[in-house]
Amino acid sequence: MIITERGAGCQRRPARDGMADEKLPTRKEDFSEWYNQLVLRAQLADYAPVRGCMIVRPYGWALWENIQGALDRRFKATGHQNVAFPLLIPKSFIEKEKHHVEGFSPELAVVTIGGGEELAEPLILRPTSETIIGHMWSKWIQSYRDLPVLMNQWNSVVRWELRTKLFLRTLEFYWQEGHTAHATREEAAEETRQMLEVYTDFAVNEAAIPVIPGAKSEAEKFAGADITYSIEAMMGDGKALQAGTSHFLGQNFAQAFDVKYLDQNGALQHCWTTSWGLSTRFIGAIIMVHGDDQGLVLPPRLAPIQAVIVPIYKNDEEKSSVLKAAKELKAQLAKAEIRVHLDEREGFSPGWKFNDWEMRGVPVRVELGPKDVAKQAAMLARRDRPGKEGKVSASLADLPTAIGKLLEEIHQSLHDRALAFRRANTQAAASYDEFKQAVENGFAFAPWCGSGECEAKIKEETRATMRCIPLDQAAVLGREIASGGACVYCGKAAKDRAVFGRAY
RNA sequence: CGGGGCGUAGCGCAGCCUGGUAGCGCGCCUGCCUUGGGCGCAGGAGGCCCCCGGUUCAAAUCCGGGCGCCCCGACCA
């Protein structure tokens, strides 16, 4: 996708909307306020007139579209097809699965009037679509020959949250929900793990975000699931964010909605189902993992604009020669499949534009002035190293290759930096004292007996929740940690280590 | 729902205690000048002071009642 300048009929100078004069609060000073202001000033999103709702602005949506593209490719490659189920679901559906209704009742939005008339049965705005999909599957699935069913939908869902924050938790949010039905437990379990791997691969290779894939505790799992897996990431303030989930639903929904098939022996069987989702919350993860005190830092493979050209000139003569060179450069970069934007805005100083594009997280900036044009070169600045330090001169002819390489380098360095940060702020805690210390500003990786009582006590006393039992225990800290040991809370034997942390 | 903060120009705020012409910075518009890290000068536009009621000759300001938003907790992708 190429971002082009707006059409000729629309050359009005854009407002300095969002780019206030002052700097952002630093992350150290006030991480939460840093985040809020960054989202607004980078023009990713804005507050809607309804409390807890969000408007995703063009730049934020372009980022989401790139996330969608990267995921959708992976879903298709693993055999899934996209579908669209309705927003409105009969309220009775949600009540059919016991745990599901317990989990979701408190946060349902209910429609009771339609066309001015009280409805015979209230409708809910979908908080997720397991129920209505289960209902339809019971009609569509009859034989083992109909299986597996591999579906995904891109939509928005509504959950009436008490406390909201842009991207991280809003009443309505955008996501994808995948739903699959299988003949056997093994096949469904395999699908659940496969999609967790897809999310992990996406996070690492597209967003440059290192994640810990693992299993959730009973208390933290999805309402209605037998097993919930998630990918957990560490934000810049040391807190955890669940960045994607994959659920093994067993036969819970198949039984509640009568999703059955005849197997090869003529026996009637319930299906085994899965669901998995990743939401616009992931944008919050990108902001909080990579962002710095200058603003947003976007991972190159997802950035709506990968390289921005800022032309520099003093007079009309310089302007025409610089712009001519800039346009040629832009065409060259576009040809090399770099998403490039030429900032031709009048009345803004180059210095102002530098700050503006840094706020908006563009990975690479190309500065092109008369001196550069004279020697057929340009200054290259990389966003992950802000200020004058990260600048180098490069010849125009080399730029398409050089920028391509630089983008890859930035991706790698963002990932490595985030991984090093996470490891530096994760402590393998053996005692409860060490544990408490660790979750003050990061993760504790600690032996846990698996009981809900210990988990609840820990949460009550430290505000830290169980994030997951990592599937790959050695990857958490990048070295083998002895398994087993005594539960960090009760001292009983622990089978695995679990990651604990304060979470968003 | 508990605790805290705040509603005055597009944004950020002052004014309120002690009632009397509604102000400042940024942004916006016009022109000139500038442009290699957030240029400058001059002129200009822009207000249901959150809403409703009360006190008063007079309310942004005092009193009563609402509503909304943000932050911190309990619940959650």
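It should be emphasised that the depicted structure is a prediction, and the values quoted were computed from it without experimental measurement.
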> Taking atom P of B/G73 as reference, at what distance in whole Å does atom NZ of A/Lys239 sit?
Replying inline: 6 Å
>> Looking at A/Glu206 and A/Arg74, is there a salt bridge between them, counting it only when a charged N and a carboxylate O are closer than 4.0 Å?
In response: yes
>> Counting only Watson-Crick pairs (N1-N3 plus N6-O4 or O6-N4) and G-U wobbles (N1-O2, O6-N3), all under 3.5 Å, who is the partner of B/C6?
In response: B/G68
> Does any residue of residues 361-380 of chain A have a heavy atom under 4.0 Å from RNA chain B, and if so, which ones, in number order?
Replying inline: A/Arg365, A/Glu367, A/Gly369, A/Pro370, A/Lys371, A/Asp372, A/Met379
> What is the nucleic acid contact for A/Thr128, judged by heavy atoms within less than 4.0 Å: base, sugar-phosphate only, or nothing?
Replying inline: nothing
> Does any donor-acceptor pair link the side chain of A/Lys391 with the base of B/G37 at a separation under 3.5 Å?
Replying inline: yes
> For B/A22, what is the paired nucleotide under Watson-Crick or G-U wobble rules, both distances under 3.5 Å?
Replying inline: none
>> Please list, in numerical order, the residues of residues 196-205 of chain A that have a heavy atom closer than 4.0 Å to any atom of RNA chain B.
In response: none
>> Tell me whether A/Arg126 is salt-bridged to A/Glu172, with the criterion being a basic N under 4.0 Å from an acidic carboxylate O.
In response: no
> Any salt bridge between A/Arg345 and A/Asp356, counting N to O under 4.0 Å?
Replying inline: yes
> What are the residues of residues 452-467 of chain A, sorted by number, that bring a heavy atom to within less than 4.0 Å of RNA chain B?
Replying inline: A/Lys459, A/Arg463
>> A/Trp154: which residues meet the ring pair (Phe, Tyr, Trp, His ring centres under 6.0 Å) condition with it, sequence neighbours left out?
In response: A/Trp64
>> If the condition is side chain to side chain contact (heavy atoms under 4.5 Å, CB included), which residues does A/Ala475 pass it with, not counting sequence neighbours?
In response: A/Asp472
> Residues from residues 223-231 of chain A sitting under 4.0 Å of RNA chain B, heavy atoms only?
Replying inline: none
>> What contact category does A/Leu241 fall into here, base, sugar-phosphate, or nothing, at under 4.0 angstrom with non-hydrogen atoms?
In response: nothing
>> Under a 3.5 Å threshold, yes or no: a donor from one side chain and an acceptor from the other, between A/Tyr432 and A/Glu461?
In response: yes
